[in-house]
Colleague: 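Following this message is one structure expressed as structure tokens.
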Amino acid sequence: MKELEKNYNPSEIEDKLYQKWLQNHYFHAEPNPDKKPFTIVMPPPNITGQLHMGHALDNTMQDILTRFKRMQGYEALWQPGTDHAAIATEVKVIESLKKQGLDKDQLGRDGFLEKCWDWRKEYGGKIINQLHKLGSSADWDRERFTMDEGCSDAVLEVFIKLYEKGYIYKGSRIINWCPVCQTSISDAEVEHQEQDGFFWHINYPIVGEEGRFVEIATTRPETLLGDTAVAVNPEDERYQDLIGKMLKLPLTDREIPVVADPYVDKEFGTGCVKITPAHDPNDFEVGKRHNLPELTIMHDDATIDLPGSKYDGMERYEARKAMVEDLKEQGLLVKIVPHSHNVGTHDRCKTTVEPMIKQQWFVKMDEMAKPAIEALKSGELKFVPESFGKTYLHWLENIRDWCISRQLWWGHRIPAYYCEDCGEIVVSRQQPEKCPKCGCTHLKQDEDTLDTWFSSALWPFSTLGWPKQTRDLEYFYPTDVLVTGYDIIFFWVIRMVFSGIEQTGKTPFHTVLIHGLVRDSEGRKMSKSLGNGIDPLEVIDKYGADALRMTLITGNAPGNDMRFYWERVEASRNFANKVWNASRFIMMNIEKAPNTEVSLDDLTMADRWILSKANTLAKDVTENLDKYELGIALQKVYDFVWEEFCDWYIEMVKPRLWAEEDTSKAAAIWTLKTVLIQSLKLLHPYIPFITEEIFCNLQEEEESIMISSWPEYREKWSFKEEEQAVETIKEAVRAIRNVRTSMNVPPSKKAKVYVVSENQELLQIFEHSRVFFATLGYASEVSLQADKTGIADDAVSAVIPQAAIYMPFAELVDISKEIERLTKEEERLAKELARVDGMLANERFVSKAPEAKIQEERDKREKYAQMMEQVQARLSQLR
């Protein structure tokens, strides 16, 4: 057995241990008929990514579950990989090219893609290396990339199958357009932000009725140029005579009709709504119902596209200012009213999104959404916490067709080919040699690529070899649990579910474990703009990966946000030091009891108590982890290790270890080592590095804690009587310490302790614990007796159920303060008795409460009455 270094230094062991794990392929999983599989797929981080606190939390949770299941004997696969992140990567590469004086269009598609692959080679592994620093036990032998050959084959196969089934089509529909990134984006990539704006109230003249107007209110006056109607509610009595009439559209030479549509809210604004079908999704639907023209009035860069107009070529907000001034001059601007409203922005570049009608590729969602809805309703899929299932259902039940084409070069190119002679569209796995319609050979592939989420939606099965029927797919799919933040339920979770069911017939996982965001100490979201982000690697460099991991999980509840405090990291580091120092102490004393055979019969009361507590802990922690209560499980292990094991048990056994002739020394050493190993195993999923280092130095039978067996509850290790007995001793010690603290008696000052009780069984407990009770109670001597014979009148006292404890050191005691303390205790007990008596006298409580609860209150009353009697007797003596 090696000796641990005096001080725990994470930087000296973490990289060394991680390399050991990698070299021994402990993370690797293979189909194994002798084991049950457990599979998690890692949400693939972007190749442009930098590890942030959200990544650290997400991956720590996945690692905890994987290590736990691996130790339980499952063939545990944590499937890692990275995402090509089409928009983000293209933006980064373009920025890099600009610094070199190069242009995307100058390079051409092939040249630009070559630069993107170079970028991937240089930066793609950066975040993976950072995940190594965190201790992630993913199967790096299986690392995948969304654009590797296998994943690309899966994307092609799904596109072809969905197209042939009629679920993928090309059409003109309104989409979200990003004027900066120059591409369409899906609804899920639009962030709605509350912004202060205005309602511009504008008069539209009624044709043929001089001096009469229809007043509309709009937040985007520049889109007026694309209006093709004004709508009113058919039940709005104010505007019945207007339906069917024509209006003069301000600032143009066009006339537009007034139409009746139930979409209009009579109570909102003026009750008259301008309809711009090409620039608003709701207006688009109204336009379809009334067969209205669709006028696109913007270029892709959001400048006005209206040849012949004074606004042509103006940037959209520049045009807004000019149009408002012109409306004011013409007397058509009624008023401007401040108005706070939601504005859609691109989640990548934060640019305000412009709804526009464009020819794009779409996936029909109505049929594919149905089995995804049924999966949740049937219980085949569940969310933790359950409440997020409502979010999932709401999105699916209101889902629109998914725009999957992107005006980018980096990504999976759409496998559609256009005949340049007759316009025929051919969707094919390979470029056709000729047009099937006209026979010509002039075919050109679609320039667009697929939405990044189209490929990552296939992640749970494409990474396992699909569309081929591989052994991995058969064994590891469906996966078990998906761990992710609540901010990408729409982006990823829903798409994986409907894609998995559609392509494999199976829900891709049975549980979605949702976690919240990691916020700063003030509760703000970490962001570059606020400058409040904390680099996880900085925390690891300063305190170690274990301290960071423990901080992220301590107090963590599924679905809830958490705040990051440096003080909490220090507390986690302090716990690691506590475990380290306790382990050093145990290892330094093991040589005092060479390999002596120890049976349970050899154990003392204290040994059985701690063994029994550790045994129950293993059962409780396993149940918590099975229910994904990671934070609760950690807190239980923390409390046990710090308080029960280190602060109580180790102190209890020190006199046995130091006494030359103590015959129970071997039992003490066996118990210390056994409970320490049990505790290290329960801690390992959370703090893998320090537990590995201690475990491998503490014993030689097993080469690594991460492939050792998970602790299981053993009936023969259950000692309830001993647990109860030691709790009595602990209560007595706490009572002694409280009295001494209240009188400022230093620990170095020993005093004789009398335990007085008529209960012989209780006195026997103290007899069996005499040695460690004396140590913990700072006693120079312990006397156990049935009455107060021989106890000085000025002795101070403490009371516990069925016993009183006396300490004859009146010279250290201010008698008046002792009377004051006992008087306060008398008042406290009086309040407790009044409360209990009130409950037991309450007929509603007695008639409705469970019998166990009523009995609990009766037991409390008996305990308080005994303690009151002892306190009052002591007060009587002192007075």
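Sequential numbering from 1 along the given sequence is applied to the chain's residues.
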Colleague: Taking the side chain from Asn24 and the backbone from Tyr26, do they hold a donor-acceptor pair closer than 3.5 Å?
Modeller: no
Colleague: Minimum heavy-atom separation for Met42 to Leu131, with atom names?
Modeller: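 Heavy atoms of Met42 and Leu131 come nearest at SD-CD1, 3.9 Å.
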Colleague: Check whether Arg608 reaches the backbone of Phe719 with its side chain - one donor and one acceptor, N or O, closer than 3.5 Å.
Modeller: no
Colleague: How are the rings of Trp609 and Tyr649 set to each other: parallel, tilted or perpendicular (split at 30° and 60°)?
Modeller: tilted
Colleague: Determine whether a donor-acceptor pair (N or O, by modelled atom type, separation under 3.5 Å) exists between the side chain of Asn46 and the backbone of Thr48.
Modeller: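 No; judged by distance alone, with no hydrogens or angles, the pair does not exist.
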Colleague: In this structure, is the centre-to-centre distance between the rings of Phe772 and Trp648 below 6.0 Å?
Modeller: no
Colleague: Quick check: does any side chain N or O of Asp139 sit under 3.5 Å from a backbone N or O of Ala29, one acting as donor and the other as acceptor?
Modeller: yes
Colleague: State plainly whether the residues Lys20 and Glu703 are in salt-bridge range, i.e. N to O under 4.0 Å.
Modeller: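 Between Glu703 and Lys20 there is no salt bridge, as every charged N stays at least 4.0 Å from the carboxylate O atoms.
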Colleague: Nearest heavy-atom pair of Asp58 and Val483: which atoms, and what distance?
Modeller: OD1-O, 3.2 Å
Colleague: Any non-hydrogen side-chain atom of Leu473 less than 4.5 Å from a side-chain atom of Tyr477?
Modeller: yes
Colleague: Could you please spell out the steps behind the side chain to side chain contact (heavy atoms under 4.5 Å, CB included) verdict for Val579 and Leu680?
Modeller: CA-CA 9 Å; Val579 174; Leu680 292 173; 4.1 Å; yes
Colleague: Under 3.5 Å, side chain of Thr479 to main-chain N/O of Pro508, donor-acceptor pair present?
Modeller: yes
Colleague: Do the side chains of Leu65 and Leu513 get nearer than 4.5 Å, heavy atoms only?
Modeller: yes
Colleague: Verify, without hydrogens or angle tests, whether Asp83 (side chain) and Pro44 (backbone) share a donor-acceptor contact under 3.5 angstrom.
Modeller: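 The answer is no, because no donor-acceptor pair under 3.5 Å joins these two groups.
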Colleague: Can you check whether His55 reaches Pro536 side chain to side chain, under 4.5 Å on heavy atoms?
Modeller: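 Side chain of His55 against side chain of Pro536, heavy atoms only: no contact under 4.5 Å found.
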Colleague: How close do Met652 and Ala606 get, counting heavy atoms only, and between which atoms?
Modeller: SD-CB, 4.0 Å
Colleague: Within a reach of under 6.0 Å around CZ of Arg471, are more than 12 heavy atoms found that belong to other residues, nucleotides or ligands?
Modeller: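 No, because the 6.0 Å sphere around CZ of Arg471 holds 12 heavy atoms or fewer from other groups.
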Colleague: In sequence, state the C-alpha distance, the side-chain angles, and the governing distance for Asn556 and Leu630, and then conclude on side chain to side chain contact (heavy atoms under 4.5 Å, CB included).
Modeller: CA-CA 7 Å; Asn556 190 299; Leu630 276 58; over 6 Å; no
Colleague: At their closest point, which heavy atom of Ile650 faces which heavy atom of Ala582, and how far apart are they?
Modeller: CD1-CB, 3.8 Å
Colleague: Yes or no on side-chain hydrogen bond (donor to acceptor under 3.5 Å, both in side chains) for Ser612 and Asn615, after CA distance, side-chain angles and deciding distance?
Modeller: CA-CA 5 Å; Ser612 187; Asn615 191 40; 5.7 Å; no
Colleague: Looking at Lys730 and Glu727, does any basic side-chain N land under 4.0 Å from a carboxylate oxygen?
Modeller: yes
Colleague: Is atom CD of Glu5 surrounded by more than 12 heavy atoms (other residues, nucleotides or ligands) closer than 6.0 Å?
Modeller: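 Open.
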Colleague: Hey, does Leu600 have a side-chain heavy atom less than 4.5 Å from the side chain of Leu603?
Modeller: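 Heavy-atom side-chain distance check passes, below 4.5 Å.
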Colleague: Can a donor-acceptor pair be found between the side chains of Thr504 and Trp466 at a distance below 3.5 Å?
Modeller: no
Colleague: Looking at Asp63, Asp626, Asp480, which hits salt bridge (Lys or Arg N to Asp or Glu O under 4.0 Å) with Lys69?
Modeller: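 That would be Asp626.
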Colleague: Regarding Lys133 and Asp15, does a basic nitrogen lie under 4.0 Å from an acidic carboxylate oxygen?
Modeller: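 Counted as a salt bridge, because a side-chain N and a carboxylate O are separated by less than 4.0 Å.
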Colleague: Taking C-beta and beyond as the side chain, do Arg549 and Ser572 meet within less than 4.5 Å on heavy atoms?
Modeller: no
Colleague: Check the pair Phe476, Thr463 against side chain to side chain contact (heavy atoms under 4.5 Å, CB included), reporting the backbone distance first and the verdict last.
Modeller: CA-CA 11 Å; Phe476 290 113; Thr463 51; over 6 Å; no
Colleague: Using a 3.5 Å distance criterion without hydrogens, assess whether the side chain of Asp602 forms a donor-acceptor pair with backbone atoms of Ser599.
Modeller: yes
Colleague: Any donor and acceptor pair, going by atom type alone, linking the side chain of Glu386 with main-chain N or O of Lys382 inside 3.5 Å?
Modeller: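 Not a single qualifying donor-acceptor pair exists.
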Colleague: Got a salt bridge between Glu723 and Lys720, using NZ or NE/NH1/NH2 to carboxylate O under 4.0 Å?
Modeller: yes
Colleague: Identify the two heavy atoms, one from Gln62 and one from Ile40, that lie closest to each other, and give their separation to 0.1 Å.
Modeller: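 Minimum heavy-atom contact is OE1-CG2, 3.4 Å.
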Colleague: Could you tell me whether a side-chain N or O of Trp492 sits under 3.5 Å from a main-chain N or O of Ser456, the two making a donor and an acceptor?
Modeller: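 At least one qualifying donor-acceptor pair exists.
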Colleague: Go through Tyr486 and Asp561 one step at a time and tell me if the side-chain hydrogen bond (donor to acceptor under 3.5 Å, both in side chains) criterion holds.
Modeller: CA-CA 10 Å; Tyr486 59 63; Asp561 291 349; 2.9 Å; yes
Colleague: When you measure from the side chain of Thr507 to the backbone N and O of Leu381, does any donor-acceptor pair fall under 3.5 Å?
Modeller: no
Colleague: Can you check whether Met605 reaches Glu722 side chain to side chain, under 4.5 Å on heavy atoms?
Modeller: yes
Colleague: Show the numbers, then the answer: is there a side-chain hydrogen bond (donor to acceptor under 3.5 Å, both in side chains) between Glu570 and Asn574?
Modeller: CA-CA 6 Å; Glu570 290 176 6; Asn574 292 343; over 6 Å; no
Colleague: Given the side-chain rings of Phe564 and Trp566, with only the six-membered ring counted for Trp, is the space between their centroids under 6.0 Å?
Modeller: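 Under 6.0 Å, so yes.
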Colleague: Check the pair Arg67, Tyr686 against side chain to side chain contact (heavy atoms under 4.5 Å, CB included), reporting the backbone distance first and the verdict last.
Modeller: CA-CA 9 Å; Arg67 288 178 183 271; Tyr686 296 95; over 6 Å; no
Colleague: Angle class for the His28/His25 ring planes (parallel below 30°, perpendicular above 60°, tilted otherwise)?
Modeller: perpendicular
Colleague: Between Trp119 and Thr89, is a side-chain hydrogen bond (donor to acceptor under 3.5 Å, both in side chains) present by the stated rule, with each step listed?
Modeller: CA-CA 8 Å; Trp119 174 278; Thr89 303; 5.1 Å; no
Colleague: If you apply the rule salt bridge (charged side-chain N to carboxylate O under 4.0 Å, His left out), what do you find for Lys525 with Asp487, and how did you get there?
Modeller: CA-CA 12 Å; Lys525 189 174 181 179; Asp487 48 341; 5.5 Å; no
Colleague: Which atoms form the tightest heavy-atom contact between Leu376 and Gly389, and what is the distance?
Modeller: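 Looking at all heavy atoms of both residues, the closest pair is CD2-O, 3.4 Å.
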Colleague: Among Phe689, Phe575, Phe585, Tyr8, which one satisfies ring pair (Phe, Tyr, Trp, His ring centres under 6.0 Å) with Trp580?
Modeller: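 Result: among Phe689, Phe575, Phe585, Tyr8, Tyr8 is the only option passing the ring pair (Phe, Tyr, Trp, His ring centres under 6.0 Å) with Trp580.
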Colleague: Quick one: do the Ser664 and Arg656 side chains pair a donor with an acceptor below 3.5 Å?
Modeller: yes
Colleague: Report yes if the side chains of Tyr392 and Val512 come closer than 4.5 Å at any heavy-atom pair, otherwise no.
Modeller: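 The answer is no, as the side chains (C-beta and beyond) never meet within the 4.5 Å cut-off.
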Colleague: Assess Lys506 against Phe461: is NZ or CZ under 6.0 Å from the centre of the six-membered ring, and within 45 degrees of the ring's axis?
Modeller: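 Ring-cation test returns no.
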Colleague: Show your reasoning for whether salt bridge (charged side-chain N to carboxylate O under 4.0 Å, His left out) applies to Asp647 and Lys578.
Modeller: CA-CA 10 Å; Asp647 286 357; Lys578 184 89 169 179; 2.9 Å; yes
Colleague: Within a 6.0 Å radius of atom NZ on Lys654, are there more than 12 heavy atoms belonging to other residues, nucleotides or ligands?
Modeller: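 More than 12 within 6.0 Å, yes.
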Colleague: Contact between Glu30 and Arg142 at the side-chain level, heavy atoms closer than 4.5 Å - yes or no?
Modeller: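 Yes. Closest side-chain heavy atoms under 4.5 Å.
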